[in-house]
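What follows is one structure encoded as structure tokens, with my remarks underneath.
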Amino acid sequence: MLLLHCPYCGPRWEQEFQCRGEAHIARPEPAAEASDATWAAYLYLRSNPKGLHYERWQHTHGCRRWFNVLRSTLTHEIVAIYRPGEPKPELKR
Amino acid sequence: MSRYSAINLLRNALGGHRHWPVVWRDPAPKPRYEVVIVGGGGHGLATAYYLAKHHGIRDIAVLEKGWLGGGNTGRNTTVVRSNYLNDESGSLYELSLKLWEGLSQELNYNVMFSQRGVLNLAHTEHDVQSLRRHVFANRTQGIDAEWLSADEVRAFCPILNFSPGARFPIRGGSLQRRGGIARHDAVAWGFARAADRLGVDIIQNCEVTALKREGDRIVGLETSRGEIAAGKVGVVVAGHCGVLAAMAGFRLPIESHPLQALVSEPLKPVLHTVVMSGLVHVYVSQSDKGELVIGAGADTYNSYAQRGSLGIIEGTAHALIELFPCFSRLRMLRSWAGIVDICTDVSPIISKTPVAGLYFNCGWGTGGFKATPGSGFVFAHTIVRDEPHPVAAPFSLDRFTSGAIVPEHGAAAVAH
């Protein structure tokens, strides 16, 4: 069970949240001019890393707002939580 | 290697069962193979078996980073059925189901395939319409499917919750009588034994660390047991397909999630069929050992950790006792998770890749076990001919660019 610190509500248990997949996927603009390959990559292709993963979560059973999480897919450790629009935290290697 | 038969059983019984030969060899990797299959689960072993059996290729290695069937093959809830919605899926899973029906004889290994029926429950008007649509679709595909009224469901499985106060009343159900369960470990062992007999080298504890390319062509692999050159490479690694794709330099429309399951303490026979409910989200059958095998859901987050969160198990337990109040005092023995490769359209990928000579078979997500023989059958063809098997053609990677996806999101009710 994860403990997530919602940037708006504070620490809450995982049951209140849903993970909404990879973060920082930018919509190709202008969309009408994107090639099929570019559009398919935007819609479908994911990095799916074994290790640190930038992802979006929603506080579905709370404030219903979205935020970003940097989390390990191997240990489930949460490294950073930040609001949408904030710069993505750099990975320390 | 001796065949399993009544005569051999008797002969070995007289010898105190001390002289059975090893079931498969434990060879060291050779420097080169014509075909290397990465992943020694059911699908990989089936692929190697059909390559050797139907395509005459004997120079094959199966590389497994752990032990045979130690991944999702040993972690699923063993349900086999073919009642999907789309014709493309129907062809693929029905091909597999037909292979299941003769698999124990084909492999000379008892996979304990039991066609005890798979019952999908409808609790709402929407469920009724959706499941009836599935029944009609399956019939047009030539796949057996029946609609049962509430009374017929009750007669078929009387321990279900038909109390007047039920929170999710049962309004009917769809039944595929040819569906059922099989012994998952036996499937891996049976394919491994049969493939080994045909000369396939099964190499365990051998992790692939890099894929070697010359230009756009695959030429071999680096592994924890040294370099291996290969004419062709087939990757069948389920949850780790993204890791292998990254080694080859491309991404997949797939994310890896934990999918949890649990088993109860053993009971005397109480449940003779497989029961699924998409609405309350649980699926359950009783194993030959007597344990209830209970399928839970996938966690929403990506993970490679082979464990999920307790909330999923709790929700599944709620659903189970809603459907079967008589199970409320059961103790659960253990729960676990497998890492499943969920594809964006919830259909598998059986495909050539941007790298020549490299083939991927992945994206089976939460429902790969039932497809084990069919998946190996069509993937072997795809590798040998360097073009998709006709049944596998709709499941190529290029469907995401063309838009001809095979959406099976709601199609499978709960479990795939």
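On a predicted model such as this, the values are computed, not experimentally measured, just so you know. Letters A, B, ... are given to chains in the order of the sequence lines, protein chains preceding strands, and every chain is numbered from 1.
For B:L252, the part lying near chain A is the backbone, with the side chain staying farther off; criterion is any non-hydrogen pair under 4.5 Å. Interface residue A:R71: only side-chain heavy atoms are found under 4.5 Å from chain B. For B:I405, the part lying near chain A is the side chain, with the backbone staying farther off; criterion is any non-hydrogen pair under 4.5 Å. For B:D299, the part lying under 4.5 angstrom from a heavy atom of chain A is the side chain only. Looking at A:T75, only its backbone comes within 4.5 Å of chain B, counting heavy atoms on both sides. Within the 4.5 angstrom heavy-atom criterion, no atom of A:W39 approaches chain B.
Aromatic ring centres of B:Y304 and B:H240 lie closer together than 6.0 Å. Taking the six-membered ring where the residue is Trp, the centroids of B:F360 and B:F250 are separated by under 6.0 Å.
Side-chain contact between B:E207 and B:R225: absent, with no pair of heavy atoms (C-beta onward) separated by less than 4.5 Å.
Under the 30°/60° scheme for interplanar angles, the aromatic rings of A:H24 and A:Y82 are found to lie parallel. B:Y301 and A:H76 have perpendicular rings, their planes meeting at more than 60° on a 0 to 90° scale where under 30° would count as parallel.
Comparing B:I312, B:D398, B:I254 by how many heavy-atom pairs each has under 4.5 Å with chain A, the most go to B:I254. Contact tally against chain A (heavy-atom pairs below 4.5 Å) for B:A246, B:G311, B:C241: the top residue is B:G311. Taking chain B as the reference chain and counting heavy-atom pairs below 4.5 Å, the highest number among A:L43, A:L2, A:N48 is found for A:N48. Note on B:G308, B:S303, B:G239: by heavy-atom pairs under 4.5 Å with chain A, the leading option is B:S303. Between chain A and the residues B:T344, B:D345, B:N302, the most heavy-atom pairs under 4.5 angstrom are made by B:N302.
A distance of 9.0 Å separates CD of A:Q18 from CH2 of A:W66, quoted to the nearest 0.5 Å. In this structure, CG on B:L310 lies 10.0 Å from CD on A:E14, to the nearest 0.5 angstrom.
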